[in-house]
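Working notes for the structure below.
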2 protein chains.
Amino acid sequence: MNTDPAPAPRRYAKGEARRTAILEAALDVFATAGYRNGGLREVAAKAGLTHAGVRHYFPTKLDLLHAVLGWRDEQAIRQMSSLDGPVGVLRQWVEAARYNQNAPRMVELQVALAAEATSADHPLHDYLRERYEFAVGFLRGTFTALAARGELADGVEPESAARGLIALTDGVQTQWLLDREHVDMVELVRSAIQRLVTVEI
Amino acid sequence: MNTDPAPAPRRYAKGEARRTAILEAALDVFATAGYRNGGLREVAAKAGLTHAGVRHYFPTKLDLLHAVLGWRDEQAIRQMSSLDGPVGVLRQWVEAARYNQNAPRMVELQVALAAEATSADHPLHDYLRERYEFAVGFLRGTFTALAARGELADGVEPESAARGLIALTDGVQTQWLLDREHVDMVELVRSAIQRLVTVEI
DNA sequence: GTCTATAAGCGGATAGAC
DNA sequence: GTCTATCCGCTTATAGAC
């Protein structure tokens, strides 16, 4: 009979390392060439295997991209949700901009993706819609909570403040990619938020 | 002998008229079918000549696109500059958003272009950089003029207000393309501007 | 630049080595 | 479980005539 204790539910070390290598390669490729132009074979080459090997971990190309984006989304959401209140959320929003300022590839990916997934027939169209819907709802809730505390600036409406902040954050990325020396994403996002609330951000 | 007075130093009327006709046709075609799908023959037909005729004025399709964008920029700038003051400029900025709301293909063209011309090696990279540089300078001047009139909201700095407004205007387009029913570009732009100034927009 | 035909490359699927 | 070799159907890129 088996006297061993139940094995710990761990992932296989080699597989995990490969997975990470593939995700890093995919981020690089998608950020440079975009989702449509970036190829599985190029990702595979960067990760040191064949395209069929990549598909062992990520059955479809879309699964791969979702994995890349999902990791980042999860992290961001977890960080913002763990904060003690709406002010913390907005401060974390600024921190996300700071993080992006050190991850130009990720910014390129996001900008490229947002543009190409605009077409209704793009495979990521629905994903992106849901992502924006979630973000708008999340920020709308944040601004509503601030309104209840009386910490919202006069005339600020939660829905349009949410959409506006997201829009500005997106647009700032384009300007930053075009001229990184003269565009300060963090300060632009921070000052925009500051204009929406009465508390110090 | 020639008794006519010396001709005024003017451009060739026919060539200029043709040029304008082609640009109008190209704007229409690109805005309707997009840059990739819009064909020179369709542009030519709308302008009343053959595709070879179009190429006489614009050697390549990219030249034509560049000319269309520059032409449209000039028009927008002329409209904004002809206004009696900085408040008029901001109101015209809102009107530009309203115009875009009726030209979805044009918006798609702009969004796609802004993203792909982000790469340093894109043929329109320099054009886009200069376009943003000019727009930032123009709006910075507008906000500076408002500051001199005491019509700027507290804590608004012209440079970041200019970059922020441009960023928001860009970002709103992406959201609108993803969900035209729930995104009101005009109101989002207007309310953002309203938060920057003390006068009614 | 467009058109047409051809070539190349893509994501995807399978069988099997280890 | 991990991964390669190889194939398929399809889309896209390319070349040459116009």
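Chain letters run A, B, ... following the sequence lines, proteins first and then strands; every chain starts at 1.
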Problem - Closest approach of A:Gly39 to A:Val29 (non-hydrogen atoms, all atoms of both residues) - result: N-CG1, 4.1 Å
Problem - Atom pair CG (A:Leu23) and CG (A:Leu64), whose distance is rounded to the nearest 0.5 Å - result: 6.5 Å
Practice task
Could you check A:Ala52 against B:Arg41 and say which one's nearest nucleotide on DNA chain D is further toward the 5' end?
Solution key: A:Ala52
Practice task
Rounded to the nearest angstrom, tell me the gap between atom CG in A:Leu49 and atom C1' in D:dA5.
Solution key: 14 Å
Handout entry: Side-chain N or O of A:Tyr57 closer than 4.0 Å to phosphate OP1/OP2 of D:dC3
Key = yes
Completion exercise
From CG of A:Leu65 across to C1' of C:dC10 the rounded distance in Å is 16 Å
Handout entry: Closest contact, heavy atoms only, B:Ala25 versus B:Lys46
Key = CB-CB, 3.6 Å
Practice task
Indicate whether OP1 or OP2 belonging to C:dG11 is found under 4.0 Å from a side-chain N or O atom of A:Lys61.
Solution key: yes
Problem - Any A:His56 side-chain N or O less than 4.0 Å from OP1/OP2 of D:dC3 - result: no
Exercise for the section: Rounded off to whole Å, could you give me the CG-to-C1' distance for the A:Leu40 and D:dT12 pair? Expected result: 16 Å
Problem - Base of C:dG11 paired with side chain of A:Arg55 (donor-acceptor, under 3.5 Å) - result: no
Problem - Rounded distance in Å - CZ (A:Arg19) to P (D:dT2) - result: 10 Å
Practice task
Assign each of A:Asn37 and A:Gly53 to its nearest nucleotide of DNA chain D by heavy atoms, then name whichever residue's nucleotide is nearer the 5' end.
Solution key: A:Gly53
Completion exercise
To the nearest angstrom, the CG-P distance between A:Leu62 and C:dC10 comes to 18 Å
Problem - Value rounded to 0.5 Å, distance of CZ in A:Arg140 from CZ in A:Arg163 - result: 8.0 Å
Practice task
Determine whether any donor atom in the side chain of A:His51 lies under 3.5 Å from an acceptor atom in the base of C:dG12, or the reverse, and answer yes or no.
Solution key: yes
Practice task
Please check the phosphate of D:dT4 (OP1 and OP2 only) for any side-chain N or O of A:Thr50 closer than 4.0 Å.
Solution key: yes
